Novice: 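Here it is: the structure, laid out below.
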Amino acid sequence: MKINIGHFCFFFYRFLSMNPKLKSNFTTFKDISLDDINKSNDHPRRLMAAIENSVSSLDDPETFAGYVLELGRRHARLNFKPSKSHVRI
């Protein structure tokens with residue numbers, strides 16, 4: 001299934017609109033307005049790729065674990081501590 005980047009940018013925009021305090025954790029565009037997120041596809045595209053890579057490797061636990069651990073390592077420097085309040089369903 002191919003995800004439309006425009007739809008994903010809208011999802012990302014909505015996610016940050018609902019969780020404005022999280023915007024500062026995204027160094028790529030923490031200093032730009034939410035309205036400009038749709039114009040800059042860089043981080044939404046990388047996030048979409050990370051989700052796609054994670055899901056496509058679910059049938060191979062070793063690959064999945066390696067990918068998620070590396071992703072976590074790259075994000076550890078951000079010192080981000082997620083809580084239940086960060087995600088609304």
Side-chain angles (χ1 to χ4, degrees):
M1 178 171 98
K2 185 108 172 132
I3 298 174
N4 180 303
I5 187 66
H7 293 154
F8 195 77
C9 285
F10 176 76
F11 161 80
F12 203 62
Y13 172 88
R14 184 155 167 80
F15 171 75
L16 291 176
S17 294
M18 293 173 69
N19 303 280
K21 291 180 181 177
L22 292 180
K23 185 174 176 260
S24 64
N25 292 305
F26 295 92
T27 56
T28 303
F29 52 79
K30 70 179 180 182
D31 296 324
I32 65 172
S33 73
L34 282 179
D35 291 332
D36 289 336
I37 288 175
N38 283 333
K39 296 174 188 169
S40 171
N41 292 335
D42 184 49
H43 196 276
R45 186 181 307 276
R46 288 184 299 161
L47 178 58
M48 183 173 65
I51 292 169
E52 184 177 8
N53 289 339
S54 297
V55 170
S56 66
S57 66
L58 283 174
D59 60 343
D60 181 353
E62 190 172 317
T63 300
F64 176 74
Y67 180 75
V68 174
L69 287 171
E70 175 59 22
L71 186 62
R73 185 192 64 73
R74 290 193 317 256
H75 284 79
R77 65 182 169 80
L78 302 174
N79 200 27
F80 178 66
K81 307 248 187 293
S83 72
K84 290 180 182 179
S85 66
H86 287 116
V87 180
R88 292 186 203 172
I89 297 177

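On a predicted model such as this, the values are computed, not experimentally measured, just so you know.
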Novice: Return the set of residues passing salt bridge (Lys or Arg N to Asp or Glu O under 4.0 Å) with E62 (not counting sequence neighbours), or none when no residue passes.
Specialist: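 Partners of E62 by the salt bridge (Lys or Arg N to Asp or Glu O under 4.0 Å) criterion come out as none, since no residue qualifies.
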Novice: Would you say L58 ends up clustered with V68 if hydrophobic residues are merged whenever their side chains have heavy atoms under 4.5 Å apart, either directly or through other cluster members?
Specialist: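 Shared cluster, yes.
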Novice: Only counting residues at least two apart or in another chain, list the ones meeting side-chain contact (heavy atoms from CB on, under 4.5 Å) with A50.
Specialist: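 A50: side-chain contact (heavy atoms from CB on, under 4.5 Å) contacts with Y67, L71.
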Novice: Does R74 have any side-chain hydrogen bond (donor to acceptor under 3.5 Å, both in side chains) partners at least two apart in sequence or in another chain, and if so, which?
Specialist: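 Listed in chain order: nothing, the list is empty.
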